[in-house]
Amino acid sequence: MKLVSFSVGGGKVGPGALVGDSIIDLSAAGYTDALSVIEARVTAADAKPSYKLSDVKLHAPLSNPPRVFAIGLNYRDHAAESKMTLPNFPVVFFKMVPSIIGTGDAIILPSNSKEPDYEAEMAFVIGKGGYRIAAANWQEHVYGYTVINDVSARDIQMSTSQWSLSKSFPTFCPMGPAIVTADEIADPHNLNISLTIDGETLQNSNTRELVFRIPELIEYLSSITPLLPGDIVSTGTPSGVGLGRTPKRWLRPGESCTVTVEGIGSISNPIVAE
C-alpha cells in the first residue's frame, strides 16, 4: 500500500491509499490521520477509490511523526567528499517536525543562510515500536519507506558541532509522495537513489552503499531510546551534494529540485527566497 495524506479543495487533510491514479479515503474507515494508520499497522485498503489523484493535493505523507531521526555520513563516498572520517557508530541528528513539507511545496531559502544545500535520502518509518530491538528482528518494526530531501544550511551546520538546527528551517524536510509499505519493497538495501535540479543529475547512487543499514540503525537507536510508531529515520545521502563540489553548488531561487528513490517515488519542490 502507498499511504498518503491528501486534501480536496483546500479542505481538511486526511489519510488515503494511493492506487494508480486514484485515492482511497481512509478516513471513511475511521482513521484520523496517517499516524493512526501506521499505529494500526494497516498495509492494505480494499475499498473503492474515492477521488482521482488529479483532483486532490498531496501533502507530506506523515506530517506529525513523533521524531525525525537523520543519519549523517552514512555513504562512504559522501563522507569522503565532506572530508570527514567514516564513523564507527551512526552519526545521529534530528530534523524538527515543523520543517516537514510535501511534494510540490516550495523550499524557502532563509535569509540568514548563504549556503543552502540538498541531500537525497531514503527513509524508513517505524510501525511496531520497541526498546533494544535486535538487528535480526528489524523487519518486524519497519512499516514502510519514503523519500526525503535533507535540505541543509551548511554555513550554520559548520559553525557548530550540533547539526539539528541547520537542518530544521521551515520547509527543510520535503517528504513523500507516499509511504510505501514494507511488503512492496523486496530489498531496501538495493534501490537506486538520485537527485536532479532542473533536469541535471547531481546525485546518483544506490542504497547498497549505506555504511549502516536498517538493521544496524534500528538496533543502535533502540538501544538508547524506545522507537515509537511513526518515528522516521532518514538514512543519509550519497555523494554529489553542493558542499562537496568544486566550486560549491548551493540551491538557488527559481530552481526545482527532484529526489527519486526506486520503487518508492519522486518528490519535486520549487525553490524560492524568503
Side-chain angles (χ1 to χ4, degrees), residues 68-95 99 103 107 115-125 142 144-154 157-158 163-164 166-167 172-177 180 185-218 220-221 232-252 255-269 271:
V68 181
F69 297 90
I71 311 301
L73 307 176
N74 204 26
Y75 283 75
R76 292 170 179 82
D77 53 4
H78 175 56
E81 73 175 352
S82 300
K83 298 180 174 57
M84 295 184 182
T85 303
L86 205 64
N88 294 319
F89 299 94
V91 175
V92 183
F93 58 93
F94 294 92
K95 293 183 79 72
S99 66
T103 187
I107 297 170
E115 298 180 350
D117 206 350
Y118 53 85
E119 295 190 13
E121 305 205 2
M122 181 268 287
F124 62 91
V125 182
V142 174
Y145 306 93
T146 193
V147 180
I148 281 181
N149 187 347
D150 177 20
V151 184
S152 308
R154 296 298 190 193
Q157 180 184 2
M158 299 306 169
W163 295 356
S164 294
S166 69
K167 306 276 193 165
F172 269 29
C173 189
M175 180 195 303
V180 180
I185 302 296
D187 183 2
H189 304 108
N190 187 22
L191 302 175
N192 293 326
I193 178 171
S194 64
L195 181 144
T196 64
I197 296 181
D198 293 340
E200 178 187 4
T201 299
L202 298 178
Q203 292 184 275
N204 188 21
S205 188
N206 189 286
T207 57
R208 72 171 70 96
E209 302 301 325
L210 286 167
V211 178
F212 300 103
R213 296 189 168 194
I214 296 171
E216 298 163 283
L217 293 175
I218 287 179
Y220 179 75
L221 292 170
I232 296 170
V233 183
S234 198
T235 58
T237 197
S239 65
V241 300
L243 176 68
R245 293 180 172 271
T246 305
K248 292 179 171 54
R249 200 272 188 227
W250 309 125
L251 294 171
R252 297 185 286 263
E255 297 178 328
S256 181
C257 190
T258 300
V259 180
T260 301
V261 180
E262 180 184 3
I264 302 174
S266 297
I267 53 172
S268 295
N269 299 89
I271 301 164

Partner set under ring-ring contact (aromatic ring centres under 6.0 Å, His included) for [X], not counting sequence neighbours:
X	answer
Phe172	Phe169
Phe212	none
Tyr220	none
Trp163	Phe93

Decide yes or no for [X] and [Y]: does some side-chain heavy atom of the first lie under 4.5 Å from some side-chain heavy atom of the second?
X	Y	answer
Glu115	Ser166	no
Ile214	Met122	yes
Ser205	Tyr75	yes
Val259	Pro174	no
Phe124	Ile218	yes
Val147	Thr103	no

Heavy atoms only: give me the nearest [X]-[Y] pair and the separation to one decimal.
X	Y	answer
Ser268	Thr258	OG-OG1, 2.7 Å
Leu86	Leu73	CD1-O, 4.4 Å
Arg252	Glu255	N-OE1, 2.9 Å
Ser194	Ala120	O-CB, 3.9 Å

Is there a donor-acceptor pair closer than 3.5 Å between any side-chain N or O of [X] and the backbone N or O of [Y]?
X	Y	answer
Lys95	Lys167	yes
Asp117	Arg154	no
Asn190	Arg208	no
Ser164	Phe94	yes
Glu216	Arg213	yes

- Task: Before giving the answer on side-chain contact (heavy atoms from CB on, under 4.5 Å), spell out for Ile267 and Met175 the whole-Å C-alpha distance, their side-chain angles and the decisive distance to 0.1 Å.
- Result: CA-CA 7 Å; Ile267 53 172; Met175 180 195 303; 5.7 Å; no
- Message: Tell me every residue that passes side-chain contact (heavy atoms from CB on, under 4.5 Å) with Asn88, counting only those two or more places apart in sequence or in another chain.
- Response: none
- Message: Before you tell me yes or no, could you show the steps for Asn269 and Val151 under side-chain contact (heavy atoms from CB on, under 4.5 Å), namely the whole-Å CA-CA distance, both residues' side-chain angles and the distance that decides it to 0.1 Å?
- Response: CA-CA 11 Å; Asn269 299 89; Val151 184; over 6 Å; no
Separation between [atom1] of [X] and [atom2] of [Y], rounded to the nearest 0.5 Å:
X	Y	atom1	atom2	value
Ile197	Cys257	CD1	SG	4.5 Å
Leu195	Asn149	CG	CG	6.0 Å
Asn204	Asn192	CG	CG	7.0 Å
Thr196	Leu202	OG1	CG	7.5 Å

- Message: Once side-chain hydrogen bond (donor to acceptor under 3.5 Å, both in side chains) is applied, what residue pairs with a partner in residues 233-248 remain, sequence neighbours excluded?
- Response: Asp77-Ser239, Tyr118-Arg245, Glu121-Ser234, Gln203-Thr237
- Can you name the one residue among Ile193, Leu210, Asn74, Thr207 that meets side chain to side chain contact (heavy atoms under 4.5 Å, CB included) with Pro238? Ile193
- Residue that, paired with Ile71, satisfies side chain to side chain contact (heavy atoms under 4.5 Å, CB included) out of Val211, Leu217, Asp150: Leu217
